[in-house]
Amino acid sequence: MEAQRILEYLTEVEEAAEGILANKQQIVDLDKKRNMNREALNALKHELVSEEKVQVCFGNMFIKFPKAKTKEMIQQDQEQLDEEIHKLRNVMKDQLNHLNNLQGKPELTGYNLSPLSSDEVKAINHLLKR
C-alpha cells in the first residue's frame, strides 16, 4: 500500500515537471519565431527600401505581396506571439508553484513580479523630476 502511494506521488511530480518543460520548450519555439519576424521587419525597413512588393513564403510557395501589407501581417503575428508567450509564462508560474507545493517546497517569492507599465514609469519619472 505504501509503495502504491509513493508511486502515485512520483507520477504526479513527474507529470507536473513534464508540463513545465513542455511549456518552456514551446516558449523557446515561439521566441525563435518572434526573432525571425523581427529580422524580417528589419529587412523590410532597411534592406528592401526601394521595393514595392516583396516575396513572402506561405507554406512551400513564394508569393509577391505588397510591402505594407506584409509588414502589417508580420506585426500582427508579433503581437499574437507576444500574447501567447505571456500566457505560457503565467501558466508556467502556476505550474511551478504547484510542483513546489507537491515537493513540499515553499512558494517562490519575487517570482510573480511583473514589469512596470508605461504609465507607472511616466508617473515615477514625473515624481523624480520634482
Side-chain angles (χ1 to χ4, degrees):
M1 193 66 173
E2 182 71 24
Q4 180 66 25
R5 201 172 74 203
I6 292 172
L7 184 61
E8 288 173 3
Y9 166 76
L10 291 175
T11 302
E12 191 175 0
V13 168
E14 185 69 25
E15 287 174 356
E18 284 179 14
I20 292 170
L21 291 175
N23 280 343
K24 191 172 188 175
Q25 184 59 48
Q26 192 173 0
I27 288 172
V28 167
D29 294 341
L30 291 172
D31 198 42
K32 285 179 184 177
K33 186 173 181 184
R34 188 169 58 170
N35 285 336
M36 289 191 309
N37 282 351
R38 192 176 303 131
E39 290 173 9
L41 286 172
N42 220 6
L44 286 173
K45 187 176 181 180
H46 294 98
E47 297 170 19
L48 303 170
V49 174
S50 61
E51 301 291 326
E52 193 171 307
K53 287 191 171 188
V54 293
Q55 290 189 9
V56 180
C57 181
F58 286 108
N60 60 354
M61 62 182 162
F62 285 90
I63 300 174
K64 279 206 169 202
F65 224 65
K67 185 177 169 183
K69 184 67 177 171
T70 302
K71 186 176 179 181
E72 181 183 320
M73 287 176 11
I74 294 172
Q75 287 172 334
Q76 287 175 348
D77 193 35
Q78 285 290 82
E79 290 171 7
Q80 186 178 18
L81 288 170
D82 288 338
E83 188 176 307
E84 286 180 49
I85 289 171
H86 181 71
K87 285 179 184 177
L88 281 171
R89 285 185 176 149
N90 286 336
V91 168
M92 266 184 57
K93 288 177 187 177
D94 293 338
Q95 288 176 326
L96 187 58
N97 283 332
H98 175 67
L99 178 63
N100 284 337
N101 189 25
L102 286 174
Q103 294 176 331
K105 294 180 182 176
E107 190 171 310
L108 293 177
T109 56
Y111 188 67
N112 290 323
L113 297 176
S114 58
L116 295 174
S117 69
S118 58
D119 292 336
E120 291 170 328
V121 171
K122 288 176 186 176
I124 291 171
N125 286 337
H126 179 72
L127 291 173
L128 292 175
K129 289 180 181 179
R130 289 184 178 182

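- For Glu2 and Arg5, the salt-bridge test passes: some basic side-chain N is under 4.0 Å from an acidic carboxylate O.
- The NZ atom of Lys87 sits 12.5 Å away from the CG atom of Asp82 when rounded to the nearest 0.5 Å.
- Sorted by first then second residue, the side-chain hydrogen bond (donor to acceptor under 3.5 Å, both in side chains) pairs that include residues 18-28, not counting sequence neighbours, are Asn23-Gln95, Gln25-Asp29.
- The same ILVMFWY cluster, assembled from side-chain heavy atoms under 4.5 Å apart, contains both Leu99 and Leu10.
- Val13 and Leu21 sit in two unconnected hydrophobic clusters of ILVMFWY residues. Membership requires side-chain heavy atoms under 4.5 Å apart, directly or through other members.
- A heavy-atom distance below 4.5 Å is found between the side chains of Glu12 and His98.
- Donor-acceptor pairing under 3.5 Å is recorded for the side chains of Gln4 and Glu8.
- Follow the hydrophobic side-chain contacts under 4.5 Å out from Val91 and you never reach Leu81; the two are in separate clusters.
- Taking 4.5 Å as the limit, some side-chain heavy atom of Ile27 sits within range of a side-chain heavy atom of Met92.
- A 4.5 Å side-chain heavy-atom check between Arg34 and Asn37 finds every atom pair outside the cut-off.
- Applying the ring pair (Phe, Tyr, Trp, His ring centres under 6.0 Å) definition to pairs two or more places apart or across chains, those involving residues 28-66 are Phe58-Phe65.
- Sorted by first and then second residue, the side-chain hydrogen bond (donor to acceptor under 3.5 Å, both in side chains) pairs with a member in residues 52-74 form an empty list; sequence neighbours excluded.
- Annotation for Ala16 and Leu102: closest pair CB-CD1, 4.1 Å, computed over non-hydrogen atoms.
- Remark: of the listed residues Asn35, Leu41, Asn42, Asn35 is the sole one forming a side-chain contact (heavy atoms from CB on, under 4.5 Å) with Arg38.
- Side-chain contact between Ile74 and Leu44: present, with at least one pair of heavy atoms (C-beta onward) separated by less than 4.5 Å.
- The distance from atom CG of Leu30 to atom CG of Leu88, rounded to the nearest 0.5 Å, is 6.5 Å.
- In this structure, Val121 is not a member of the same hydrophobic cluster as Leu127, with clusters built from ILVMFWY side-chain heavy atoms closer than 4.5 Å.
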